[in-house]
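These notes are about the structure you will find just below.
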Amino acid sequence: MSELAVKAEKLDAADELSVLRERFVLDDVVYLDGNSLGALPVSVPGRVDDVVRRQWGELRIRSWEESGWWTAPERIGDRIAPLVGAAPGQIVVGDSTSVNVFKALVAAVRMAGAGRDEIVVDATTFPTDGYIAESAARMTGCTLRPVVPAEAPGVLSGRTAAVLLNHLDDRTCRLHDLSGLTAAVHEAGAVVVWDLCHSAGALPVGLDEHGVDLAVGCTYKYLNGGPGSPAYLYVRADLQDRFDSPLPGWNSHADPFGMRTAYEPGAGAVRGRVGTPDILSMLALEAALEVWDDVSVEVVRAKSLALTDFFLECVGEYVPEGRVESLTPAAHEERGSQVALRCPDAGEVMRRLIERGVVGDFRHPDVLRFGFTPLYVGFADVERAARVLGEVLGKLA
Ligand SMILES: *Cc1c(COP(=O)(O)O)cnc(C)c1O
């Protein structure tokens, strides 16, 4: 056994989260793609079966009340809340992240004072956020200013209405300074919207603590909600009355069953709703969130950093010199729960890794991405992934 394999064994033995692996359906593949689609929690299939056969099949329409379907978006929002540092009553679950980015960004511009006609957007963002920001800017008569997050403070002014930022750059895996950037946006009198897709469930976010205005995130990555599981929208409690949704559907009405002609928004997180919630996905997500019942995000973060540190150490040991270049910041405060390695033939390399049971993903044109979900990835997995990468790269060299 190599020195690193021995070290991995010791780290796994000392890892208090290692027992959580039993809560997921896993096989002998090293699954490092939980930052795209989290693994299936053991609790989900039985719950989905009950929701379909009993709640829908037998109770039918009664389930909107009796099975708690109607209140699910806020109830599940409150389950996500502690994972992102939010007090209850501020998060609603529903729709996709893309749709929630739209709601949040247009609402942010509407909240900003008169004379503010610029939207600042993270230029390195996940494409969907950029496309939606461009459309939101056109709709609200704003000018769009794309900048890299670190340079955002420099372009803020009395004309800035809203700022849309990603907590994590999903290509380089750089973590942005949520607290500092939020403070800078507030100093300029503007409204900030954070996209938490790659941080919720992987690290503490501290939405309330840092005074974030609005935030969105998906639930199928580190929250393991399943393919296409609904996203969430956070609106800080004191801003909810001013949240003027560009998609004011009947589900967000103060009296949805009054079927009134005139729209009157409901109070609280409900205001972020649009139409009938996707109950099957939503209740699968609710079962998936049970995994977190006795888990602390701080402990998850500590393990995540230990995993990525150990991966970089193993890559340094096993991968031929100069064959890959890490895009991931070395400083812990600038690192998310994934590692990006630049490698000229990344597409072919990832194909071979997957063939050999190490699943990460490839980002065009030359990036290998490895996501480390602390709930079910262990140190022996990390050692194996780096070793196989070294073998594949040695052969391709
Ligand atoms: C995954 C991801 C999305 C996904 O948006 P969908 O509407 O769920 O497809 C959006 N933004 C970021 C930053 C992401 O990482």
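No experiment lies behind these values; they were computed from the predicted model shown. Ligands are counted one by one from 1 in listed order, and the atoms in each one are counted from 1 as well.
Cation-pi check for R273 over W70 is met; the charged atom lies under 6.0 angstrom from the ring centroid and within 45 degrees of its normal.
Counting non-hydrogen atoms of neighbouring residues, nucleotides and ligands closer than 6.0 angstrom, the CD atom of E22 reaches no more than 12 such neighbours. The 12-atom threshold is exceeded at CH2 of W64, counting heavy atoms of other residues, nucleotides or ligands nearer than 6.0 Å.
Contacts with ligand 1 closer than 4.0 Å are made by side-chain heavy atoms of C197 only, the backbone lying farther away. Here V99 has no heavy atoms under 4.0 Å from ligand 1, in either its backbone or its side chain.
Of all the listed residues (F126, Y220, W194), Y220 holds the heavy atom that lies closest to atom 9 (O) of ligand 1. Of the listed residues (I132, T97, N100), the one carrying the non-hydrogen atom nearest atom 5 (O) of ligand 1 is T97.
Look at E391 and K395 and you find no salt bridge, because none of the NZ, NE, NH1 or NH2 atoms lies under 4.0 Å from a carboxylate O.
Near N166, with a cut-off below 4.0 Å to any heavy atom, the atoms of ligand 1 are 13 (C). Near T128, meaning under 4.0 Å from any of its heavy atoms, are these atoms of ligand 1: 10 (C). Every atom of ligand 1 is numbered from 1 in the order shown, and the set under 4.0 Å from a heavy atom of K221 is 1 (C), 2 (C), 3 (C), 14 (C), 15 (O). Listed by atom number, the atoms of ligand 1 under 4.0 Å from S96 heavy atoms are 7 (O). The H198 neighbourhood of ligand 1 comprises atoms 15 (O), with distances under 4.0 Å to a heavy atom of that residue.
Within the structure, the salt bridge (Lys or Arg N to Asp or Glu O under 4.0 Å) test picks out the following pairs touching residues 308-317 (sequence neighbours left out): K7-E313, D309-R335. For the side chain to side chain donor-acceptor pair (under 3.5 Å) condition, no pair includes a residue of residues 140-149, sequence neighbours left out.
Checked against a 6.0 Å centroid threshold, the rings of W250 and F257 count as neighbours.
Of the protein's non-hydrogen atoms, S98 OG, 2.5 Å is the one closest to atom 7 (O) of ligand 1.
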